[in-house]
There are 2 protein chains.
Amino acid sequence: MRRMTARPANAHQARLLKLLRDGGPNSRAQLGDQVDLSRSKLAVEVDRLLETGLVVADGLAASRGGRRSHNIRLAPALRFLGVDIGATSVDVAVTNAELEILGHLNQPMDVREGPVAVFEQVLSMAAKLRASGLAEGYDGAGIGVPGPVRFPEGVPVAPPIMPGWDGFPVREALSQELGCPVMVDNDVNLMAMGEMHAGVARSVGDFLCVKIGTGIGCGIVAAGDVHRGVTGSAGDIGHIQAVPDGRPCACGNRGCLEAHFSGAALARDATDAAQQGRSEELAARLAANGGLTAVDVAAAAAAGDATALALIREGGDRVGQVIAGLVSFFNPGLVVIGGGVTGLGHTLLATIRTQVYRQSLPLATGNLPIVLGELGPTAGVIGAARLISDHLFSPA
Amino acid sequence: MRRMTARPANAHQARLLKLLRDGGPNSRAQLGDQVDLSRSKLAVEVDRLLETGLVVADGLAASRGGRRSHNIRLAPALRFLGVDIGATSVDVAVTNAELEILGHLNQPMDVREGPVAVFEQVLSMAAKLRASGLAEGYDGAGIGVPGPVRFPEGVPVAPPIMPGWDGFPVREALSQELGCPVMVDNDVNLMAMGEMHAGVARSVGDFLCVKIGTGIGCGIVAAGDVHRGVTGSAGDIGHIQAVPDGRPCACGNRGCLEAHFSGAALARDATDAAQQGRSEELAARLAANGGLTAVDVAAAAAAGDATALALIREGGDRVGQVIAGLVSFFNPGLVVIGGGVTGLGHTLLATIRTQVYRQSLPLATGNLPIVLGELGPTAGVIGAARLISDHLFSPA
DNA sequence: CCGTCTTTGTCCTGTGAGTGGAGAAAGTTG
DNA sequence: CAACTTTCTCCACTCACAGGACAAAGACGG
């Protein structure tokens, strides 16, 4: 089965493709309003895109008082695969060229099983989505992994929570298996791109996206571009010292943010509290499920459990303090909170806000919204699709 | 007296001007090797620049085995004014178009006297430089102020240490007085630009430039561009919490980095130590000068005074800890330490390095140089000249 | 001193990108 | 059915740019 072979031949075509991706179908006239090209030149470029099959003209739009326009849209058969590998689960989704999710699967998994096992699972999920008729094949795939990535090569480097992935040629391997171009990035960066494309960060050029899941990371967007740092580890805030001489962390230091607040730390704290008899609510849940997660803490807090609330507040204080520092440093226009623990909801958010607004200078916080992500678990896969589409919709 | 009136007419010309600024005089052939234009097109653009007077052809270069080339250089009469307003002194310098310092003045001053008084002083210094024959006039000026700046307008906003400057139209006022274009930025950003142009950060795209003077700030360069944040307060790290429940700070919080280590804090600590009899060395200097500054502490430390050394180490630990967090977050390729307290030299640097290398993840620090700035007090004025030249050497 | 080679710079022509206007096509409205 | 709008196409003209031919100016060996 032949998939997308063509790429935009020049910057104009790339621009048009991205406009159609982000703005949906458009007439030639509407496109002309957005690109600062003469109508004639625009017509030429659109015609060339039509020839390549990247875009199609389907039907006429309603008249706006004159001749009806032809709708130009991205080829409806284009399919992108978005993969978001977390520490304990995988998300795989198919999107169309406008990055709308057509189908989405989520399965539990352990990254520590290594790339081979995980890839097998990802490929079977991709095959299942294809088999269900959502895609005849994939024109490109984006994949996020929970660790630093050498971006140009698409290779994880020194990932703390996923040993066995270090140096594994993710991009190349997946590209081989799927038979399409692949781009790899850190999962947090993809979440940021997702929220920038279709979530709360639409049309925000400078923002931070803090993802609190099993670990903690931060996507950094400056002037509309993701900042990845020189070795791809930018945003790795989990090991910033939050508590002087605090708890020992897996990294060898003490007092790391991640050791004091993250999905894993919260679960451990809750279990301790339950076992020590400090919370009946949590103890009951522990007995019922045989284990506790952030979800249990959220439920207990919602039920009014004081211990659970205290845990959330304490954690929120830690994260808030670190975020306050980052806000002073980076002066973003928006802070997005996402990841697994967003189930903790308003209590967490309120605590973080209090810390940030109290500790950062008014000039930096005066007009700074701190909000929860809008897309939840789909942020990562949408970001992944966006990543590969950005790549494919650029001149070859 | 007529000054530079022309601006590059297109991106090619702008590129050529910047090449000549950063690389010095060049032949057409050498320029051609750097710009990816045909020789004919290049010749046309160079001719146009010659017509405008922005560049001149002066003499022939030595032969390299064939016809001798004509030297093309930026107009030798072009003069930029670089102004660096600190908390307690002003630096003013004249540069040629290659941003080489032709004359440099430094005078003590107190920003708190307000913009009018300070401007008077700056203008008289600029006049003195002109009178000494270094410049017939100024083609542009860059100015750095020790506080956040709304960059597009060139107006300081809510600057904590310089009340009275809030909202003062620095750019417009100075432009009026000098009769040339002016650009305004934060002093730390200009230091970063200076080190990027002619100092240790040459050809580094992502780095941090920490300036420790009366206060503490950090210049952020991402992908070769200064990141200023949405309100111009990016890099304002002086009020990041360094010590939980630490010393009260002028900003109203406790434990701010600036309250624990900066030129001002260090002077205060040293004075306390001298008065409490903890250091004979410092006490002697206090008696001799009637006051202490970071310079005294540096001298005492150099003389082997244990208390002075301890003060430096303690401060270095604080700054190092904060920098460690920023390194984890931003993943720069270089950290430059500059500002008044660089006189503390190797002791300070060693302490900072220890903290950063100990607290940040190996991937971020593995190949991370942490060095002192190369330009000292000239970094700011060179950065200022670079700022305005970047502006003037861009298409109008 | 002279021919050959190298480097630098200029000139000229062909190509393709891009603009802007004329006008055709396809509507709406009165 | 005429007048007006909006959309799209066609065409002629301009300008940017590449690339080759060629002139200028020097090095170098014989």
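In the text below, chain A, chain B and the rest are named by the order of the sequence lines, each starting its count at 1.
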Which protein N or O atoms sit under 3.5 Å from an N or O of nucleotides 10-13 of chain C?
{"unit_1": "dT10(C)", "atom_1": "OP2", "unit_2": "Arg28(B)", "atom_2": "NE", "d": "3.4"}

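Taking every heavy atom of both residues into account, Val55(A) and Val46(A) meet most closely at CG2-O, 4.5 Å. Closest approach of Met183(A) to Ile388(A), counting heavy atoms only: CG-CD1, 3.6 Å.
Of the residues in residues 57-65 of chain B, those placing a heavy atom less than 4.0 Å from an atom of DNA chain D are Ser63(B), Gly65(B), in numerical order.
Comment: Asp22(B) does not engage Lys18(B) in a salt bridge, judged by the lack of any side-chain N to carboxylate O separation of less than 4.0 angstrom. Between Asp47(B) and Arg28(B) there is a salt bridge, since at least one side-chain N of the basic residue sits less than 4.0 Å from a carboxylate O of the acidic one. With respect to the salt-bridge test (charged N to carboxylate O, under 4.0 angstrom), the residues Arg21(A) and Asp390(A) qualify. Using a 4.0 Å cut-off between charged side-chain N and carboxylate O, Glu45(A) and Arg48(A) make a salt bridge.
If you check every strand for non-hydrogen atoms under 4.0 Å, Lys41(B) touches sugar and phosphate atoms only. When heavy atoms are screened at a 4.0 angstrom cut-off, Ser38(A) is found touching base atoms of the nucleic acid.
The distance between atom CG of Leu37(B) and atom P of dA16(D), rounded to the nearest whole Å, is 13 Å. dC17(D) atom P lies 14 Å from atom CZ of Arg15(B), rounded to whole Å. In this structure, CG of Leu42(B) is placed 15 Å from P of dA16(D), rounded to the nearest angstrom. What separates CD of Glu45(B) from P of dG9(C) is a distance of 16 Å, to the nearest Å. When the C1' atom of dT7(C) is taken as reference, atom CG of Asp33(B) falls 12 Å away, rounded to whole Å. Rounded to whole Å, the distance from CG on Leu31(A) to C1' on dT6(D) is 16 Å.
One finds a side-chain N or O of His12(A) lying less than 4.0 angstrom from the OP1 or OP2 phosphate oxygen of dG18(C). OP1 or OP2 of dA26(C) has not a single side-chain nitrogen or oxygen of His70(A) nearer than 4.0 Å.
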Side chain to side chain donor-acceptor pair (under 3.5 Å) assessment of Ser27(A) paired with Asn71(A): CA-CA 5 Å; Ser27(A) 68; Asn71(A) 260 335; over 6 Å; no

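When the side-chain hydrogen bond (donor to acceptor under 3.5 Å, both in side chains) test is applied to Arg73(B), the partners found at least two apart in sequence or on another chain are Asp58(B). Not counting sequence neighbours, the partners of Arg228(A) by the side-chain hydrogen bond (donor to acceptor under 3.5 Å, both in side chains) test are Asp185(A).
For Ala29(A) and Arg48(B), each mapped to the nucleotide of DNA chain D holding its nearest heavy atom, the one lying further toward the 5' end belongs to Ala29(A). Remark on DNA chain C: of its neighbouring residues Asp36(A) and Arg68(A), the 5'-side contact belongs to Asp36(A), judged by nearest-heavy-atom nucleotide.
Axis angle between the ends of the helix from dC1(C)-dG30(D) to dG30(C)-dC1(D), five pairs each and rounded to 10 degrees, works out to 0°.
A donor-acceptor contact shorter than 3.5 Å links the side chain of His227(A) to the backbone of Phe330(B).
Among residues at least two apart or in separate chains, salt bridge (Lys or Arg N to Asp or Glu O under 4.0 Å) pairs with a member in residues 189-204 of chain B are Arg202(B)-Glu374(B).
With contacts defined as side-chain heavy-atom distances shorter than 4.5 Å, the pair Glu172(B)/Val155(B) does not qualify.
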